[in-house]
Amino acid sequence: MKIAFVGKGGSGKTTLSSLFIRHLAANEASVIAVDADINQHLGTALGLDEEQAAALPAMGAQLPLIKDYLRGSNPRIASSETMIKTTPPGEGSRLLRPHEDNPVFDACARTVRLDDGEIRLMATGPFTESDLGVACYHSKVGAVELCLNHLVDGPEEYVVVDMTAGSDSFASGMFTRFDMTFLVAEPTRKGVSVYRQYKEYARDFGVALKVVGNKVQGQDDLNFLRAEVGDDLLVGIGQSDWVRTMEKGRPAAFELLEADNRMALQALQNTAEDSYEQRDWERYTRQMVHFHLKNAASWGNEKTGADLAAQVDPSFVLAEHSAKASAAQPA
């Protein structure tokens, strides 16, 4: 299952995504965590120190390797240089499975050991001083989108992505890549403003969206959120002494997280599992192609000097069975 955490800056989405990742690991799920936020904090939220977090390989820096591997023997892609962030897979492409070892994960993923298990962590990479004034952060996130386009995950496998803050997620088609999107909102007018934007933008794409209230102090806060977002409100997360100690760099054992908050995390997992039953691989592939054609026409063809619409394989549908054919290719 592919799960996104979104919300305005300061809403606590990175904290909640890290708690959800810990919860999944404690339940022995297979987890890949991806930090796709411009502010790279997921690693430290998962217990890495600043030096360890800074040493995570940047996916954006590995884009040539990622493209070359995923291209495989796809005859519709003339070269890896003509691949862009939305390039869809086709016959001959290599696909990624969360549990496997492959050159992409070798280069971009690192194992993080948590209290009750371990996960793989990937990061798009920070916005560096050399990028200032000359680069767009969305070009870095493109490595994440390309990998998601080629990722085939099953019901017991989780890919949890901490997305960039606010409505910046809509600068590409990546917002359609998920089985469930959890929007983290504080019980304030500003807190629900991003929800309204997200709901409006995602309306025509069948995006499964649930709101997780954060920093909820009582029934009045829940009533406010319910009045603003209606049935999209899934659960509220209260103040947490455990989180306070974690943010100070001295986390207690995860099993000591408050019972109410543990129950809320289980509600998120249950909702994610239910969403997988609604997965429509044909729609998923169709949306992938839709955004690729838009990007090709608006900038991709000019940038690469190629007709990127020709990369679309009209007979290919991304699905679990297509991963078996991909696995037969030599790495």
Modelled atom types, side-chain donor and acceptor of [X] and [Y], under 3.5 Å:
X	Y	result
Thr188	Glu186	no
Glu118	Thr111	no
Gln219	Asn223	yes
His23	Asn27	yes

Would you call [X] and [Y] a salt bridge, taking side-chain N to carboxylate O under 4.0 Å as the test?
X	Y	result
Asp280	Arg286	no
Asp101	Arg120	yes
Arg279	Asp179	yes
Glu247	Arg244	no
Arg97	Glu157	yes

Distance col, row Leu268:CG vs Leu16:CG, nearest 0.5 angstrom, shows 8.0 Å
| query | Between Val184 and Val216, is there a shared hydrophobic cluster once you connect ILVMFWY residues whose side-chain heavy atoms come closer than 4.5 Å? | reply | no
Can the ring centroids of Phe5 and Phe178 be said to lie less than 6.0 angstrom from one another? no
Inset, instruction - Run the ring-centre check on Phe175 versus Phe291 and record whether the distance is less than 6.0 Å. - result: yes
Across all chains, not counting sequence neighbours, the side chain to side chain contact (heavy atoms under 4.5 Å, CB included) partners of Asn301 are Ala296, Asp307, Leu308
